[in-house]
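Protein chains get the first letters and strands the later ones, always in sequence-line order, with residue 1 at the start of each.
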Amino acid sequence: MGLQLCQFSFKAMGSPCEIRLYAEDNAQATAAIQLAVAALQRLENRYSRYLTDNELHKINAIAARGGSVTIDDEFVALLQYADACYQQSDGLFDITSGLLRKAWNFASPQFLSPPSQDTIDELLERVGWQHVVLQGNQLQFSRAGMEIDLGGIVKEYAADYAANLLWEQGIRHGLVNLGGDIKAMGPHPDGAPWEIKIRDPRTSGRHIATLSLYQEGLATSGDYERCIRIGEKRYSHILSPKTGWPVIGLASVTVKAPQCVVAGSAATIAMLKGDQGRHWLDTLKVEYLAVDA
Amino acid sequence: MNKGIALGSLLSCTLLLPCLPGCAYEPVKAYQRGKLANPVMVRDANPAHSAFEQHVYSSKESTAGGYSTGAGGCGCN
Amino acid sequence: MAAINKSSKDKTDALSALLTAALALPGISAAAPGGYRASETLLNFHHADYDEQGNRMSVTTDQAFITTPVGRDFEGHFNAIQDVTSGASPVVNFLDTQGNPHQFVETGASIKDRREIYETSLGYYGDNSYASFGIGKSTEDDYISNYGSVSYRLDLNQKQTSLLAGAGMTSDEVWNSYNPDVFLEEPSIYNRRKKRELMVGISQVLNQTTVVQLNVANVRNSGSLSDPYKKVYVVDEGIIDFRGLINVAGLFDFIVDAGLIEALNRSGITRLLNESPLIDVVGLASFIFGLEKDTRPDSREQWLILLRASHYFEATNSALHVDYRYADDSWDANSHTLELKWNVGLGADWQISPGVRYYSQSSAFFYDTFFESIPEDGYMSVDYRLAGFGAISKKLGVSKTFERAYTFYVDFEQYERRHSYEIGGETKGDAIDDYDFKILSFSVDYRF
């Protein structure tokens with residue numbers, strides 16, 4: 001039985017993506033990849049915050065007004081997962097904190113100085129998962145002007161989802177990589193793991209480490225190229241829902257966990273914990289790579 | 001001989017009681033089950049040893065089983 | 001700067017919480033590669049030594065077990081065990097001049113029994129269920145047992161409640177392996193017996209730290225349930241009542257201690273006597289001393305109830321497991337079993353598990369240490385396992401996992417059986433059947 005390696009590169013969820021897998025023949029590979037890509041498109045269409053006619057946008061319209069809305073089971077499950085992250089991070093991982101980006105527009109070339117505290121405080125009024133009640137399929141916002149952003153969950157979940165679909169198609173050796181959020185279905189057919197090289201943030205083209213993946217997920221939070229300097233301090237571009245300010249501490253965290261979505265949220269929580277991030281990851285007992293800001 | 005059944009139904013009543021509506025029973029959500037998933041919550045991490053143990057008890061005592069089905073017989077004297 | 005931290009196999013609370021929540025996401029739980037389902041092959045080797053005090057009987061067991069994922073939803077298991085038993089077991093109780101019973105243990109011949117077991121089973125993981133089917137065969141010199149079982153678990157209520165059901169069937173062929181070199185051996189008698197078991201259970205997550213389980217099982221045995229190796233001393237069946245006349249027990253103790261029986265067995269005289277058409281040793285023993293066959297009802301039914309609770313203690317990273325089992329027996333050998341096991345996680349993948357077990361049973365209605373006369377129903381046995389007694393076990397287990405792949409286990413148990421430990425007064429039985437045993441076992445798991 002000769003398995004052949006197939007590679008497919010595409011763009012989804014705002015990132016370069018790649019699926020690598022071993023299949024019996026081209027037909028099996030093509031069918032499996034088509035299914036996975038279709039699923040990724042569906043997830044992107046539903047949960048992207050850049051689209052204006054999707055499920056997320058509909059729910060955020062209610063969030064802006066306050067009140068309640070009925071959501072489907074998949075959305076409930078994602079929110080329950082977000083709730084688990086919120087609980088495990090003592091409120092740091094908060095899917096309502098995306099609003100804060102309005103004050104901290106890092107991407108804007110005009111970004112030079114921090115916003116005024118008044119601006120931040122005004123936004124913090126409308127941030128807080130504790131103001132959201134999920135009961136069955138009913139989602140209720142007890143304040144107006146809120147917003148939900150699943151950015152820290154959906155792409156990672158999508159990698160797991162796609163890997164699972166490929167697994168169901170009989171693929172046992174492969175890897176789904178959505179812009180660095182990775183889920184492996186199984187090692188190379190000879191048993192060798194997928195070697196994932198982690199870039200050196202300081203010297204481009206160099207790698208500081210290689211992580212091996214068999215069936216695990218791998219995700220990175222933060223971007224070492226996008227640290228910001230305010231006064232003497234270097235900040236990451238991750239915003240704390242408690243202070244409304246970027247977090248000082250780590251520039252980037254890469255975590256390996258059984259599921260990519262878990263790796264992603266663990267990485268984000270570690271970033272949010274700032275100086276305590278490493279310690280928290282140590283207690284989590286996962287394999288990780290952390291880079292200081 | 002019916003003692004067993006009576007006691008069984010009594011126990012299952014107390015057991016199911018927390019699930020009845022109106023009681024102060026909080027469903028435990030998936031994410032709250034981290035402690036239940038701790039390795040120490042696995043009673044017998046080494047099934048080969050516990051199977052041997054049960055085999056010894058069953059050959060020295062008059063009662064065998066009740067934990068799971070499928071243990072084989074033995075002619076131990 | 002950058003640092004890679006190597007993880008350990010233990011999942012922490014926070015990680016478990018996130019993984020559990022992740023597995024609840026649609027499309028991940030269905031068939032989670034690398035999730036909770038076994039995605040690795042597990043190989044286990046187990047060795048244990050069982051020793052009764054006074055070298056009466058010892059058992060050495062070796063086991064190899066493999067469990068491996070098969071396809072996407074199945075898991076296969078294969079198990080091979082070999083036991084070697086040596087030593088001797090009580091055959092009959094004789095009386096001294098005071099009328100007190102004494103055990104006669106056949107130690108003249110070195111009994112060496114080998115038991116081989118092969119078992120295989122296949123498990124299927126559904127979205128919210130697990131089903132398994134297994135068969136096995138156990139073979140000894142004087143015994144063949146074939147058995148099969150099915151079991152099913154259904155997870156309800158977001159896996160807070162699980163219902164369990166199982167059924168098992170065992171078909172045994174049993175005979176006494178006739179050894180002409182052993183004194184008081186009877187010629188082979190070939191018999192059959194059957195066992196069928198039904199079990200239902202429910203397990204329930206009560207809160208974030210507690211799980212409880214209840215099982216109810218019904219076990220029915222039928223066929224030849226008597227022990228072909230055991231004899232019963234019936235006073236009235238002897239040619240005279242030896243009590244007050246001869247110390248029969250002392251006589252047998254003497255001929256055993258003096259090595260007479262062993263000498264008879266070794267020299268071939270026993271064989272000569274056993275094979276001689278002129279003398280029937282067993283018949284003669286029955287005629288002179290009143291040694292009768294172990295005779296039991298040909299059916300037996302037991303109801304078992306098991307109540308299990310497991311509670312996690314955060315402060316000590318430990319869990320207490322409490323098991324209580326009650327058995328109601330149609331032979332009246334009803335029993336209570338209470339077992340406590342405390343698993344303590346010590347960090348660095350070490351675990352230590354102290355435990356205690358208490359067992360108490362009442363005597364079977366046809367049990368006695370000896371009989372004055374043959375009971376009306378004809379049932380009689382002096383089998384110490386049917387006596388009233390209690391037993392206390394103290395246990396200690398230690399395990400350590402290395403490199404996520406290897407786990408080593410050492411387990412020790414000290415078991416004390418006493419007639420006086422029986423709960424709520426003493427039913428028939430005698431301190432002559434008191435004994436202790438020890439079990440020491442080593443085990444290693446390898447996952448790849």
Side-chain angles (χ1 to χ4, degrees), chain B residues 1-12 14-19 25-53 55-77, chain C residues 10 13 16-17 20-21 24 44 46 48 50 61 63 65 89 134 136 138 140 142-143 145 147 149 151 160 166 168 170 172 174 197 199 205-209 211 214-217 219 229 303-307 310 312 318-319 321 325 327-328 333 335 343 345 359 361 385-386 409 411 441 443:
Chain B
M1 241 109 298
N2 289 327
K3 238 185 305 170
I5 316 167
L7 186 57
S9 42
L10 182 76
L11 287 171
S12 60
T14 24
L15 199 74
L16 291 170
L17 213 56
C19 319
Y25 171 67
E26 283 281 312
V28 183
K29 293 181 189 166
Y31 64 77
Q32 295 172 321
R33 291 182 211 161
K35 292 179 180 109
L36 299 176
N38 192 295
V40 295
M41 286 295 275
V42 178
R43 189 183 181 282
D44 300 301
N46 181 2
H49 177 71
S50 36
F52 178 66
E53 232 178 20
H55 171 68
V56 169
Y57 296 145
S58 68
S59 65
K60 300 289 162 187
E61 298 169 348
S62 209
T63 305
Y67 297 94
S68 62
T69 50
C74 87
C76 18
N77 296 299
Chain C
D10 276 358
D13 291 354
S16 303
T20 316
N44 169 275
H46 176 249
Y50 164 96
T61 183
Q63 173 173 5
F65 176 75
S89 182
S138 168
E140 287 171 62
D142 52 1
Y143 199 89
S145 179
Y147 47 93
S149 66
S151 72
Q160 293 181 98
T170 305
D172 297 343
V174 56
E197 277 177 278
M199 191 205 81
V205 171
L206 281 191
N207 54 43
Q208 293 183 34
T209 48
V211 184
L214 173 83
N215 287 358
V216 177
V219 182
Y229 294 104
W303 281 95
L304 299 126
I305 290 165
L306 173 75
L307 188 58
S310 299
Y312 179 76
S318 65
H321 301 270
R325 181 182 66 171
D328 186 282
S335 74
N343 291 344
Y359 175 83
Q361 78 174 45
R385 284 167 296 187
L386 297 171
Y409 306 86
D411 285 278
S441 92
S443 198

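- Shown here for B:M41 and C:V211, the closest heavy-atom pair between the two residues is CE-CG2, 4.3 Å.
- Between C:S335 and B:T63, the shortest heavy-atom distance links the atoms OG-OG1, 2.6 Å.
- Considering only heavy-atom pairs separated by less than 4.5 Å from chain C, the leading option among B:S62, B:A45, B:A48 is B:S62.
- Contact of the C:Y50 side chain with the B:K60 side chain is registered, since non-hydrogen atoms from C-beta on lie closer than 4.5 Å.
- A pairwise comparison of heavy atoms in C:D411 and B:N46 identifies OD2-ND2, 3.9 Å as the closest pair.
- At a cut-off of 3.5 Å, with distance as the only test, no side-chain donor of C:S443 or B:H49 sits close to an acceptor on the other residue.
- C:N215 has its side chain out of reach of B:Y67: every pair of non-hydrogen atoms, C-beta onward, lies at least 4.5 Å apart.
- If you measure heavy-atom distances from C:A319 to chain B, the contacts under 4.5 Å come from both the backbone and the side chain.
- Side chain of C:H46 to backbone of B:P47: no donor-acceptor contact under 3.5 angstrom is found.
- Using a 4.5 Å cut-off between heavy atoms, C:S318 touches chain B through its backbone atoms (N, CA, C, O) alone.
- Looking only at distances, no side-chain donor or acceptor of C:Y359 sits under 3.5 Å from a matching main-chain atom of B:Y57.
- For the pair C:R385 (side chain) and B:S58 (backbone), a donor-acceptor distance under 3.5 Å is absent.
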